[in-house]
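Heads up: the structure comes next, in structure tokens.
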Amino acid sequence: MRIQPIHIAKHNVKALLAPATVLAAAMLLSACSDSNAALDENAPEGPRHRVLVTEVTAQTIQLERSFGARTEGSMVAEVRARVGGVLEQRHFNEGQFLEKGTVMFSIERAPYEVELQKAQAEVTSAEAIYNEARRDWARVENLFVDGAISARERDQTQSRLESAEADVVSAKATLEEMKLRMSYTEIKAPISGVASRESISAGNLIRENDALATIVGLDPIYVHFNVNESDIAARYLLQQVAVTTPEAGAEQGPEASLRFSDGREHPVAGYIDYVSRIVDRESGSIEARAVIPNPDMTLLPGQWVRVQLPNIEVPYAITVPQRAIIQSGRQSIVYIVDNQNIVQVREVTLGVRVGNEQLIEQGLASGDRVIVEGLSMLQPGTQVNVEITE
């Protein structure tokens, strides 16, 4: 028997070789991948990010707090006419210091003297009528006892006596009113202080309640200032200035001194006598007032000054350098490193600045290591190389 050779078409050979070629290529790629993986595992780590940290420590610090303010007169009084008439004379120099009760202006007295005389005459007339009614009553009372007159006549006489007595009281009250109005023709300083310039010159006809001048009390002088409710000084003032009752009397608060805009200091220190217990909704601050002695009157209303409070002692205070704080929207954060040198994020509540440092109210504890340099491109969870700042 003769065996026939088998002929395979050229295209069929290609079809048979294709799957084998693919399989061999896949095995080769797999071997290369395993080899690369082995190389990666044995490859050395890349360099870690280097950061500079400071270890925070709670300690007692002294805070200096000062606030901008403007001076005001401790008392301001408008000098007004209490009666009308012709303004005859001014009895003071504008800008002069006046003691309380000093005559400042005078109004023409003649019309009020006439009214006073008329009131005096009314009193005299009313007293005469009253005396007559009293004598009538004495006679009628005896006649009534003897039965010579009726009860009606007796009552009428008694009523005339009572009416006459009331007229005397009314006339005397009018007389006192006229005396008082005539005294108002001399316009006196209502408080001690420095007088302003006159508002109306002598010779003018003025009416009741017209403003003639102003007096400002300069010793002591008041300084009103505002403190943010979150400022440590606000808590200090609220604690130091007690809420008192009229019976208990006001206690002198903590010392306060003044510094002028050119750096000079007022030579006499004063004290804080008032702290508001209401927070302003718009500014988020509370108002306080300092009372500053001004015996030489070198302080003037309207001056720009700074109110300096005594050093405020803050125990267990934690501060960090300003450069360590990052603002993220409305939040303030710092980066710290733990014992494994892993970066973590802490949200903190800021207090006031202390030189180049920032007081931290909440968020950090003594012993925390805060990153102060190397913050760029830093990610939480990253392990870093740590260098401690001195």
Side-chain angles (χ1 to χ4, degrees), residues 60-78 92-100 102 189 191-197 213-242 250-276 280 283-314 317 319 322 350-359:
T60 300
I61 62 174
Q62 299 286 334
L63 286 182
E64 291 185 358
R65 302 299 293 144
S66 64
F67 302 91
R70 289 200 180 273
T71 55
E72 300 177 6
S74 54
M75 297 185 71
V76 179
E78 286 188 323
F92 69 97
N93 295 323
E94 294 166 315
Q96 177 185 353
F97 177 82
L98 302 175
E99 294 287 349
K100 179 180 179 179
T102 302
I191 62 171
S192 297
V194 176
S196 70
R197 64 182 182 84
T214 302
I215 294 184
V216 180
L218 297 182
D219 186 22
I221 205 161
Y222 285 164
V223 183
H224 291 267
F225 59 100
N226 294 314
V227 182
N228 192 284
E229 62 172 324
S230 61
D231 196 305
I232 195 168
R235 299 193 291 274
Y236 169 78
L237 290 172
L238 289 171
Q239 292 171 357
Q240 296 296 318
V241 181
E251 297 181 3
Q252 186 166 304
E255 184 178 287
S257 57
L258 291 190
R259 188 185 300 273
F260 298 101
S261 57
D262 59 2
R264 292 180 299 113
E265 290 188 4
H266 185 62
V268 187
Y271 61 94
I272 306 295
D273 77 324
Y274 165 76
V275 178
S276 173
D280 186 90
S283 63
S285 62
I286 61 173
E287 183 188 31
R289 182 178 66 196
V291 181
I292 308 295
N294 190 29
D296 298 332
M297 298 189 187
T298 53
L299 287 172
L300 301 175
Q303 283 183 289
W304 175 258
V305 294
R306 293 198 69 84
V307 180
Q308 179 73 48
L309 298 180
N311 286 346
I312 302 173
E313 185 175 280
V314 185
T319 62
Q322 284 282 330
L350 303 182
V352 298
R353 292 189 63 172
V354 186
N356 294 324
E357 301 274 312
Q358 180 76 51
L359 180 66

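Residue numbers run from 1 in the order of the sequence given. Bear in mind the structure is a predicted one, so any value in this text is a computation, not a measurement.
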**Criterion side chain to side chain contact (heavy atoms under 4.5 Å, CB included) on Asn226 and Ile286, from CA distance to verdict** = CA-CA 6 Å; Asn226 294 314; Ile286 61 173; over 6 Å; no

**Asked** What residues form a salt bridge (charged side-chain N to carboxylate O under 4.0 Å, His left out) with Glu265, not counting sequence neighbours?
**Response** Arg259

**Message:** Quick one: does any side-chain atom of Ser196 pair with a main-chain N or O of Thr214 as donor and acceptor, under 3.5 Å?
**Reply:** yes

**Item:** Exercise: identify the closest heavy-atom pair between Val241 and Pro254
**Value:** CG2-CD, 3.8 Å

**Message:** Do Leu258 and Val307 have side chains that approach each other closer than 4.5 Å (heavy atoms only, starting at C-beta)?
**Reply:** yes

**Asked** When rounded to the nearest 0.5 angstrom, what distance separates CG in Leu299 from OG1 in Thr71?
**Response** 6.5 Å

**Item:** Closest heavy-atom pair and its distance - Ile312, Ala233
**Value:** CD1-CA, 3.9 Å

**Asked** Could you state the interatomic distance from CZ (Arg65) to CG (Asn311), rounded to the nearest 0.5 Å?
**Response** 11.5 Å

**Asked** If only atom types and distance count, is the side chain of Glu357 paired as donor or acceptor with the main-chain N or O of Val354 below 3.5 Å?
**Response** no

**Prompt:** Taking side chain as C-beta onward, heavy atoms only, is Val76 less than 4.5 Å from Tyr222?
**Reply:** no

**Prompt:** How close do Val291 and Pro293 get, heavy atom to heavy atom, and via which atoms?
**Reply:** O-CD, 3.8 Å

**Message:** Looking at every heavy atom in both Ala290 and Ile272, which two are closest together, and how far apart are they?
**Reply:** CB-CD1, 3.8 Å

**Asked** Can any side-chain N or O of Arg70 pair as donor or acceptor with the backbone N or O of Gly302 at less than 3.5 Å?
**Response** yes

**Request:** Give me the ring orientation class for Phe260 and His266: parallel if the planes are under 30° apart, tilted from 30 to 60°, perpendicular past 60°.
**Result:** perpendicular

**Message:** side chain to side chain donor-acceptor pair (under 3.5 Å), that's the test. Do Asn228 and Ser230 meet it? Break it down for me.
**Reply:** CA-CA 5 Å; Asn228 192 284; Ser230 61; 2.7 Å; yes

**Message:** Closer than 3.5 angstrom, by distance alone: can the side chain of Ser192 be matched with the main-chain N or O of Lys100 as a donor-acceptor pair?
**Reply:** yes

**Item:** Rounded distance [0.5 Å steps], CZ in Phe92 versus CD in Gln96
**Value:** 8.0 Å

**Message:** Treating Ser261 as the side-chain partner and Trp304 as the backbone partner, does any N or O pair qualify as donor plus acceptor under 3.5 Å?
**Reply:** no

**Asked** For Asp231 and Phe67, what are the C-alpha separation, side-chain angles and deciding distance, and is it a side chain to side chain contact (heavy atoms under 4.5 Å, CB included)?
**Response** CA-CA 11 Å; Asp231 196 305; Phe67 302 91; 4.0 Å; yes

**Message:** Any side-chain to backbone donor/acceptor pair from Gln358 onto Gly351? Under 3.5 Å, distance only.
**Reply:** yes

**Prompt:** Between CG of Asp273 and CD1 of Ile292, what distance do you get to the nearest 0.5 Å?
**Reply:** 9.5 Å

**Request:** Hey, could you give me each pair passing salt bridge (Lys or Arg N to Asp or Glu O under 4.0 Å) that has a residue in residues 303-313? Not counting sequence neighbours.
**Result:** none

**Complete:** d(Ser285 OG, Glu229 CD) to nearest 0.5 Å is 8.5 Å

**Request:** Using modelled atom types only, decide if a donor and an acceptor are shared between the side chain of Asp280 and the backbone of Ser283 within a distance under 3.5 Å.
**Result:** yes

**Item:** Closest approach of Ala234 to Val227 (non-hydrogen atoms, all atoms of both residues)
**Value:** N-CG1, 3.6 Å

**Item:** Smallest separation among heavy atoms of Ile215 and Ala195, with atom names
**Value:** CG1-CA, 4.3 Å

**Request:** Test Tyr236 against Val275 for side chain to side chain contact (heavy atoms under 4.5 Å, CB included), laying out the working first.
**Result:** CA-CA 11 Å; Tyr236 169 78; Val275 178; over 6 Å; no

**Prompt:** If you measure from CG on Leu98 to CD1 on Ile191, what distance do you get to the nearest 0.5 Å?
**Reply:** 10.0 Å

